[in-house]
Amino acid sequence: MRPAPSRPQAAPAARETPTKNRWAMLLHIVNHKNYHRGFVADMLYQLPATPPTTDLPVYLRDVHREAALAL
């Protein structure tokens with residue numbers, strides 16, 4: 001009788017080298033930032049106050065409007 005073929009063992013996590021390309025790392029950073037931004041926005045909506053807008057185009061529009069009014 002022949003012995004069963006051995007299965008390759010997975011390397012321990014401490015020895016694994018992360019292999020991500022730059023595009024995947026950039027995408028992770030953008031998505032992770034959005035996760036936290038959404039979490040903070042949700043906490044602000046639970047307060048009895050109006051939170052600031054989190055949309056960049058709206059923020060930039062309001063900043064330019066306030067700057068024009070200050071002149």
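Using a 4.5 Å cut-off between side-chain heavy atoms of Ile, Leu, Val, Met, Phe, Trp and Tyr, with links allowed through other members, Val58 and Val63 fall into different hydrophobic clusters. Tyr45 and Val40 fall into different hydrophobic clusters, defined by Ile, Leu, Val, Met, Phe, Trp and Tyr side-chain heavy atoms under 4.5 Å apart, directly or through other members.
Pairs of residues two or more places apart, or lying in two chains, never qualify as salt bridge (charged side-chain N to carboxylate O under 4.0 Å, His left out) while including a residue from residues 25-54. Residue pairs meeting the salt bridge (charged side-chain N to carboxylate O under 4.0 Å, His left out) criterion with at least one member in residues 53-71, sequence neighbours excluded, are Asp62-Arg65.
Between Tyr35 and Phe39, the angle of the ring planes stays under 30°, which puts this pair in the parallel group of the 30/60° scheme.
In this structure, CH2 in Trp23 is found 14.5 Å from NE2 in His28, a value given to the nearest 0.5 Å.
Annotation for Leu69: hydrophobic cluster partners, listed by chain and number, are none (ILVMFWY side-chain heavy atoms under 4.5 Å, direct or chained).
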